Enquirer: 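One structure is given below, represented as structure tokens, and several questions about it will come after.
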Amino acid sequence: MTVTDLLSYEDALASYDPVMGLEVHVELGTRTKMFCGCSTELGAEPNSQTCPTCLGLPGSLPVVNAIGVESAIKIGLALNCEIAQWCRFARKNYFYPDMPKNFQTSQYDEPIAFNGYLDVQLEDGEVFRVQIERAHMEEDTGKSTHVGGATGRIHGASHSLLDYNRAGIPLIEIVTKPIEGAGVRAPEVAKAYVAELRELIKALGVSEARMEMGQMRCDVNLSLRPPGREKFGTRSETKNVNSLRSVERAARFEIQRHAAVLSSGGTIVQETRHFHEEDGSTTSGRIKEEAEDYRYFPEPDLVPVAPAREWVEELRAGLPELPRLRRKRLQEDWGIADHEMQSVLNAGALDLILATMAEGADAASARKWWMGELARHANETGTELAAVPITPAQVARVSALVAAGDLNDKLARQVIEGVLAGEGEPDQVVDARGLKVVSDDSALGAAVDDAIAANAAIANKIRGGNLAAAGALIGAVMKATRGQADAKRVRELVLERLGVQG
Ligand code: ADP
Ligand code: MG
Ligand code: ZN
């Protein structure tokens, strides 16, 4: 199936109701692996961070990572889940070269957290509640690299390399209940959910949740049904989608593809699919018509996990302020409207603004620079705001110079331009470009006299009491001083020279 075989998005949603299920894997930021003491540090020499336990050698015995369990409980609590009184690990048996034990230690019918929800805010401010089925603990697999083929895939490769450094790194898998009722907004809900979950994970400090580094990845399950029908349609499962935008695109593509198949009388096969960044399409992976038989059974080498209620309550009490509430509080503190806060979030500016405030800037000016000048620069250069080459400390310095009256807005913009162009720190740009507000009367007086002499008619109007006309003379002085004059002082001097009261 190619992109041309899709039904238009509008037609698809006019005829069908989408149902989604999102499975998100989060790699925890623990120092050691889930069941052994091997380091989880990235970038090490392949297979240098392995031991008999994570290589599954006979006779080795796993031990649960306490921070892994603690992180799982924190995630469960933040997702409003119930926390199991008692639960176990299970072996999920399957053969795959990147899994040295030939089973993955996971949780099956006894997850540590279950029955929760996450409220997510859509772009127009509406809040959508996503129900959470479960969050369970498991471990990551190793990594295969296929060598010799053109595509990097196994087809056409001459040989494969295996790196087990990642095998055994703790993962938390978070599974939603079927998401119904999102309608045309289903792709947006999917994206907003993953975005909110990522913020939550970061706020909890359990993982950096960097999707581009595979620390968080999402499987998008999707099916369509005729409107009004209760029974779900057959789903497809698009695996390992690793950016927010791709989550949205994958859901959208699958809606259009399913609709094209169904409306032409075809049937959807239950299968996994691969997502392709280049054109936003998905292609067929494994057929999964019957539930796979993983021969799950309780892991005999690990003791059950029975978190004491006091510990769970302690963790609940210690949860940080959660992202949605924090955003609400900031919005109130700053006294801005919903849509203004929403554009701050959409621009990815919130953390930058807060960092700038932490460096001493006030909220209004931090917001103004990031949402104005710097957002424009990001747009023009096609980069993310966070990647614009200026630091919150530098923005704070510019705003301090404005607050002290050393720079006006126009000069401040030039300073920022200089910093972005690699001319150094704000103070260096100020010195090198000679950007300073001139407020000293001897320097301004001459420029004011010149402006009055060159604009006699306007000067007369002002003498006659038309104070609004002073703007033209102030403008002339600003121009003559290349924008560096202190406009307030210029106005005072103009009125003084013309003998009128401000
Ligand atoms: P698996 O482990 O095979 O992926 P799960 O039962 O864990 O299966 O379901 C995966 C996700 O898909 C869950 O989020 C679930 O809510 C969702 N889901 C289940 N059935 C459907 C369906 N027919 N359409 C859309 N989503 C579904
Ligand atoms: Mg799945
Ligand atoms: Zn190990």
Side-chain angles (χ1 to χ4, degrees), residues 16-25 30-41 44 47-57 60-65 68 90 92 94 100-101 104-109 111 114-118 130-136 138-142 163-170 173-182 186 189-190 193-194 197 218-225 229-241 247 250-251 254-255 258 262 267-273 285-294 296:
Y16 299 101
D17 173 28
V19 175
M20 277 188 313
L22 301 168
E23 297 168 271
V24 173
H25 284 91
T30 53
R31 214 169 38 76
T32 56
K33 292 186 180 179
M34 193 64 191
F35 304 110
C36 64
C38 288
S39 168
T40 57
E41 187 96 23
N47 297 310
S48 62
Q49 292 165 346
T50 55
C51 72
T53 300
C54 57
L55 290 178
L57 300 185
S60 62
L61 281 175
V63 177
V64 176
N65 184 328
K92 181 180 183 181
Y94 64 101
K101 300 191 294 191
Q104 180 188 32
T105 307
S106 182
Q107 294 196 283
Y108 181 47
D109 47 359
F114 51 94
N115 268 347
Y117 64 87
L118 180 64
V130 175
Q131 302 290 340
I132 306 290
E133 172 87 38
R134 58 193 274 151
H136 71 248
E138 57 182 38
E139 59 179 337
D140 214 343
T141 57
D163 176 7
Y164 293 121
N165 284 352
R166 199 178 68 182
I169 289 190
E173 178 173 348
I174 300 149
V175 184
T176 68
K177 294 185 179 166
I179 301 170
E180 303 176 63
V189 167
Y193 166 76
V194 178
L197 189 55
C218 178
D219 299 342
V220 180
N221 293 269
L222 189 125
S223 66
L224 297 182
R225 59 183 173 186
R229 192 155 94 209
E230 204 166 317
K231 193 168 174 284
F232 297 155
T234 304
R235 71 184 153 117
S236 58
E237 180 179 356
T238 306
K239 303 292 283 184
N240 289 324
V241 186
V247 167
E254 283 299 284
I255 287 175
H258 281 228
L262 295 173
T267 45
I268 294 289
V269 271
Q270 187 173 342
E271 61 181 356
T272 65
R273 295 186 69 87
R286 261 181 310 131
I287 301 281
K288 212 175 167 183
E289 291 215 64
E290 288 149 48
E292 273 160 284
D293 185 5
Y294 289 117
Y296 277 102

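Both counts, for ligands and for their atoms, begin at 1 and track the order of listing. Bear in mind the structure is a predicted one, so any value in this text is a computation, not a measurement.
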Enquirer: So which bit of I179 gets within less than 4.0 Å of ligand 1, heavy atoms only: side chain, backbone, both or neither?
Expert: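 Neither part.
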
Enquirer: Check M20 against ligand 1 and report side chain, backbone, both or neither, counting heavy atoms closer than 4.0 Å.
Expert: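 Only the backbone of M20 comes within reach of ligand 1.
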
Enquirer: Nearest heavy-atom pair of M20 and A186: which atoms, and what distance?
Expert: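 Heavy atoms only, the tightest pair is CE-O, 3.2 Å.
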
Enquirer: Side chains of F35 and V64: closer than 4.5 Å at any heavy-atom pair?
Expert: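 The answer is yes; the side chains approach within 4.5 Å.
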
Enquirer: Closer than 3.5 angstrom, by distance alone: can the side chain of N65 be matched with the main-chain N or O of T32 as a donor-acceptor pair?
Expert: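 Yes, N65 side chain to T32 backbone: donor-acceptor pair under 3.5 Å.
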
Enquirer: For atom 15 (C) of ligand 1, which candidate among T176, V130, T234, L224 provides the closest heavy atom?
Expert: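 Checking each option, the heavy atom nearest atom 15 (C) of ligand 1 is found in T176.
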
Enquirer: Out of K33, R166, K101, which residue meets the salt bridge (Lys or Arg N to Asp or Glu O under 4.0 Å) rule with E139?
Expert: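 The option that passes is K101.
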
Enquirer: To 10 degrees, how wide is the angle SG (C54) to the Zn ion (ligand 3) to SG (C51)?
Expert: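 The two atoms form an angle at the metal of about 110°.
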
Enquirer: Can you tell me the angle formed at the Zn ion (ligand 3) by SG of C36 and SG of C38, to 10°?
Expert: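 Between SG of C36 and SG of C38, the angle at the Zn ion (ligand 3) is about 110°.
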
Enquirer: For ligand 1, which atoms sit closer than 4.0 Å to a heavy atom of L22?
Expert: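 Within the 4.0 Å cut-off of L22, ligand 1 contributes 14 (O).
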
Enquirer: Counting each atom of ligand 1 from 1 as listed, which ones have a heavy atom of V175 under 4.0 Å away?
Expert: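 Counting atoms of ligand 1 from 1, those under 4.0 Å from V175 are 13 (C), 14 (O).
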
Enquirer: Got a donor-acceptor contact below 3.5 angstrom from the T53 side chain to the P62 backbone?
Expert: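 Side chain of T53 to backbone of P62: no pair is present.
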
Enquirer: Need the ligand 1 atom indices (1-based, order shown) with element for anything under 4.0 Å from a heavy-atom of G233.
Expert: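 Those atoms are 23 (N).
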
Enquirer: Do ligand 1 and F232 have nitrogen or oxygen atoms that lie under 3.5 Å from each other?
Expert: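 Between F232 and ligand 1 (N or O atoms, distance only) the closest approach is not under 3.5 Å.
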
Enquirer: For ligand 1, which atoms sit closer than 4.0 Å to a heavy atom of K177?
Expert: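 Answer, ordered by atom number: 16 (O).
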
Enquirer: Heavy-atom contacts with G21 under 4.0 Å: which atoms of ligand 1 show up? List them by number with element.
Expert: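 Counting atoms of ligand 1 from 1, those under 4.0 Å from G21 are 12 (O), 14 (O), 17 (C), 26 (N).
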
Enquirer: Hey, is the main chain of Y164 close enough, under 3.5 Å, to the side chain of N47 for a donor-acceptor pair?
Expert: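 Such a contact is found between N47 side chain and Y164 backbone.
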
Enquirer: Counting from 1, what ligand 1 atoms have a heavy atom of P178 closer than 4.0 Å?
Expert: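 So the answer, numbered in order with elements, is 16 (O).
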
Enquirer: Looking at every heavy atom in both R235 and S223, which two are closest together, and how far apart are they?
Expert: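 What the structure gives for the nearest pair is CA-CB, 3.8 Å.
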
Enquirer: Decide, yes or no, whether a salt bridge links E254 with R273 under the criterion of side-chain N to carboxylate O below 4.0 Å.
Expert: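 Yes, E254 and R273 are salt-bridged.
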
Enquirer: Where the closest heavy atom to atom 19 (C) of ligand 1 is concerned, which of K239, E237, R235, K231 has it?
Expert: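 It is R235 that holds the nearest heavy atom.
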
Enquirer: Using heavy atoms and a threshold below 4.0 Å, how should the contact between E133 and ligand 1 be classified: side chain, backbone, both, or neither?
Expert: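 Neither; no heavy atom under 4.0 Å.
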
Enquirer: Tell me, do Y294 and Q104 make a side-chain contact under 4.5 Å, heavy atoms counted?
Expert: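 No; the side chains remain at least 4.5 Å from each other.
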
